[in-house]
Amino acid sequence: MENLVNPNPSNTASEFAEIDLTQAARAIREGDFTAEAYAEALLQQAREQAGLKAFITIDDEAVIAAASVADKARSAGASGPLLGVPLGVKDSYLTNGLRTTLGVSNLKDFVPARDAGVVSAVKDAGAIVFGKNNLVEMSFGLTGDNSPFGQVKNPHGRERVSGGSSSGSAAAVAAGIVPAAFGGDTIGSIRVPASLCGVVGFKPTTGRWPRDGVAPISHVLDTTGVFARSVEDCELIDQVVTRASPSTTSEEGDLKGVRFAYAPKQYLDVVDTDVEARFYEVTRRLRDAGAEVVEIDLGDEFSTLANTTTWNLFFRETREAVAGFLQENGVPTSFDEIYRDLKPGLKEVWQHLVLPTGAQWLTPDAYHNALTADRPKIQRLFTEAFAKSGAEALILPTTPCPAPEIGKENEFLIAGKQVTFAALAKNTIPASGAGLPGISIPMGKVSTDLPIGIEIDAPADSDRRLLTLARRVEALGISSL
């Protein structure tokens, strides 16, 4: 941190942009720099990177005022774990006194009077809400396209998509605008953009983190989560949000005694050659570090069952979940008004799959079967695979390819096969359907000089162990492959 004690005024923003959440929190706490200096530098970074469309709303004056309050609190002896650290917040989270749009034009002037539960938790720890991150409208998409507020661009190539739906959150962290940002994950909306933007994306066990005050899609599948530059940062946020005691387990050392599993028939059947090669290089590194890496087969029906069940729940629960959220939180619009003003392509999807009058609306019997038979079967297949293999975690390429070009989301190739943007969530869907915790960490760049991630999934409610394992994998230096 020495170079940041008295940073050169000409390059302050770029210097601050390079440090991560844990470093920033420690530096502010120890007086290496002030929260106000840090906030001013990040605001400059946001202005310089405005073309990414990573944010919908930033209140500069409020950010500086909050940083000044944090500095005064520190001088008075306060020492919150996130004191004075600015964080991005996906614009599906309610934020007291700061505009919340859910990514739709109907709510361009809506300012809530309360915070979402996650926002309250980090504020209690001293964090500052830096701004509201852009997202796919109503969190319904995987590419970062937003009609009212603009397409979020990938910091590694502005002609490339950022992933979604938590697109702005991932882009903001990757671009050095904020050290961490919150998102939401229903089928992969944290892990997909984390992979495509080259950052860490953590999806907790479904239901482990608070979800109140966050616009939903599916009460069964939704979870809040976070993007950061390191697994350590995710651990710190996880401790704050869950109000848990700090972990005493070190991430140092080799991986002797750890067993990972991978399932090529389910997760490597349709992937780019570069991605597959990078994945196998990571497995070699794991073995060299002392880990066992065993091949498993989740069964012939696994992928179809996970894909069909998860998408069925995703679409079937949207209308009731959104309508209930709007009413319960006094949001000044209705489901019908939001539907009326959606962009044409998304409106057509809702017409067929989300509305009860739609041709593909899931019948009550089929919905009941998805909840009581199909989803438990996915969970059982995972449970049996972990038990039989003795593996602590499953590893897989987060996305089967790097970020496709903007405007070509429905005509790009993976392993010679033409696919649509839905293929970006192919590998993230099963863990979502089962409610498992998962984390995507960067595993370098492919030949197109675009990043790609490796996902680590673990049994439900083993989040802290997952984070420990991920830190040890990250420590192998796989992000520089």
Side-chain angles (χ1 to χ4, degrees), residues 49-57 88 90-92 100-108 131-175 177 181 183-199 201 215 217 227 311 314-315 318 322 338-354 399-414 418-426 428 450-451:
Q49 301 282 357
L52 291 175
K53 301 291 185 181
F55 285 89
I56 291 176
T57 304
K90 184 179 181 179
D91 207 15
S92 57
T100 298
T101 72
L102 313 187
V104 297
S105 58
N106 312 64
L107 296 173
K108 60 183 176 61
K132 304 302 291 294
N133 292 112
N134 201 353
L135 70 162
V136 180
E137 290 151 78
M138 295 305 296
S139 298
F140 240 79
L142 289 161
T143 64
D145 179 35
N146 182 290
S147 183
F149 301 106
Q151 165 77 52
V152 181
K153 300 176 177 64
N154 194 314
H156 293 275
R158 296 201 176 196
E159 78 286 356
R160 301 281 176 161
V161 304
S162 58
S165 65
S166 308
S167 41
S169 299
V173 174
I177 302 172
D185 196 308
T186 306
I187 60 163
S189 288
I190 288 174
R191 293 157 292 156
V192 168
S195 176
L196 301 187
C197 289
V199 296
I217 293 176
F227 298 89
W311 279 117
F314 179 94
F315 291 120
T318 296
V322 170
I338 288 174
Y339 168 71
R340 181 195 64 204
D341 293 340
L342 290 176
K343 60 188 174 186
L346 181 54
K347 188 173 186 178
E348 184 178 0
V349 170
W350 279 33
Q351 177 186 350
H352 294 300
L353 291 161
V354 173
T399 52
C401 63
E405 291 183 54
I406 293 171
K408 295 184 178 180
E409 300 92 336
N410 289 315
E411 54 183 74
F412 65 98
L413 299 177
I414 298 178
Q418 186 164 316
V419 297
T420 71
F421 64 85
L424 295 172
K426 173 189 176 296
T428 59
L450 293 169

Original post:
With distance as the sole test, does Asn134 use its side chain to make a donor-acceptor pair with the main-chain N or O of Gly150 at under 3.5 Å?
Top reply: yes
Original post:
Given the rule in the side-chain contact (heavy atoms from CB on, under 4.5 Å) test, do Asp91 and Thr100 qualify, once you have shown the distances and angles that lead to the verdict?
Top reply: CA-CA 6 Å; Asp91 207 15; Thr100 298; 3.9 Å; yes
**OP:** Might you work through the ring-ring contact (aromatic ring centres under 6.0 Å, His included) test for Phe314 and Phe140, ending with a clear yes or no?
**Re:** CA-CA 10 Å; Phe314 179 94; Phe140 240 79; 4.7 Å; yes
**OP:** Check Gly103 against Phe149 and note the closest heavy-atom contact, atom names and distance.
**Re:** C-CE1, 3.8 Å
Original post:
Nearest heavy-atom pair of Pro148 and Ser105: which atoms, and what distance?
Top reply: CG-N, 3.8 Å
Original post:
Which residues satisfy the side-chain hydrogen bond (donor to acceptor under 3.5 Å, both in side chains) test with Lys426, sequence neighbours excluded?
Top reply: Asp269
Subject >> Distance, nearest 0.5 Å, that separates CD1 of Ile217 from OG1 of Thr318 >> reply: 6.0 Å
Original post:
Between CD1 of Ile187 and CD1 of Ile190, what distance do you get to the nearest 0.5 Å?
Top reply: 12.5 Å
**OP:** Check whether any side-chain heavy atom of Ile56 sits under 4.5 Å from a side-chain heavy atom of Leu135, and report yes or no.
**Re:** yes
**OP:** Search all heavy atoms of Phe227 against all heavy atoms of Ser189 and return the closest pair with its distance.
**Re:** CZ-O, 4.0 Å
Subject >> Set of residues satisfying side-chain hydrogen bond (donor to acceptor under 3.5 Å, both in side chains) with respect to Asn133, sequence neighbours excluded >> reply: Ser169
**OP:** May I have all residue pairs that pass side chain to side chain donor-acceptor pair (under 3.5 Å) and include part of residues 148-157, sequence neighbours excluded?
**Re:** none
**OP:** Tell me, please, which residues at least two apart from Glu409 pass side-chain hydrogen bond (donor to acceptor under 3.5 Å, both in side chains).
**Re:** none
Original post:
Salt-bridged, Asp145 to Lys343, with N to O below 4.0 Å?
Top reply: yes
Subject >> Counterpart residues, side-chain contact (heavy atoms from CB on, under 4.5 Å), relative to Glu348 (two or more places apart) >> reply: His352
Original post:
What residues, two or more places apart in sequence or in another chain, satisfy salt bridge (charged side-chain N to carboxylate O under 4.0 Å, His left out) together with Lys53?
Top reply: none
Subject >> Contacts of Ser147 that satisfy side-chain hydrogen bond (donor to acceptor under 3.5 Å, both in side chains) - sequence neighbours left out >> reply: none
Original post:
For the residue pair Arg158 and Ile406, what are the closest heavy atoms and their distance?
Top reply: O-CD1, 3.5 Å
Original post:
Of all residues at least two apart in sequence or in a different chain, which pass the side-chain contact (heavy atoms from CB on, under 4.5 Å) check with Ala423?
Top reply: Ile414, Val419
Original post:
Quick one: does Phe55's side chain get under 4.5 Å of Ile177's, heavy atoms only?
Top reply: yes
Original post:
Counting N and O atoms only, with roles assigned by atom type, does the side chain of Ser166 sit under 3.5 Å from a partner on the main chain of Gly184, one being a donor and the other an acceptor?
Top reply: yes
**OP:** Please round to the nearest 0.5 Å and tell me the distance separating atom CG of Leu342 and atom CG of Asn106.
**Re:** 8.0 Å
Original post:
Between Lys108 and Thr101, is any side-chain donor less than 3.5 angstrom from a side-chain acceptor?
Top reply: no
**OP:** Measure across Leu142 and Ala425 and return the closest heavy-atom pair with its distance rounded to 0.1 Å.
**Re:** CD1-CB, 3.8 Å
Subject >> Under the side-chain contact (heavy atoms from CB on, under 4.5 Å) test, residues paired with Leu353 that sit two or more places apart >> reply: Phe315, Val349, Gln360
Subject >> Sequence-distant partners of Phe421, ring pair (Phe, Tyr, Trp, His ring centres under 6.0 Å), two or more places apart >> reply: none
Subject >> Which atom of Val322 lies closest to which atom of Met138, heavy atoms considered >> reply: CG1-CE, 3.8 Å
Subject >> Sequence-distant partners of Glu411, side-chain contact (heavy atoms from CB on, under 4.5 Å), two or more places apart >> reply: Lys408, Gln418
Show me, pair by pair, the donor-acceptor contacts under 3.5 angstrom made by side chains of residues 191-199, not counting sequence neighbours?
unit_1, atom_1, unit_2, atom_2, d
Arg191, NE, Asp185, OD2, 3.0
Arg191, NH1, Thr428, O, 3.0
Arg191, NH1, Glu455, OE2, 2.9
Arg191, NH2, Asp185, OD1, 2.9
Arg191, NH2, Thr428, O, 3.3
Arg191, NH2, Ser432, OG, 2.6
Ser195, OG, Thr399, OG1, 2.8
Ser195, OG, Gly453, N, 2.9

Original post:
Does the side chain of Glu405 reach to within under 4.5 Å of the side chain of Val161, using non-hydrogen atoms?
Top reply: no
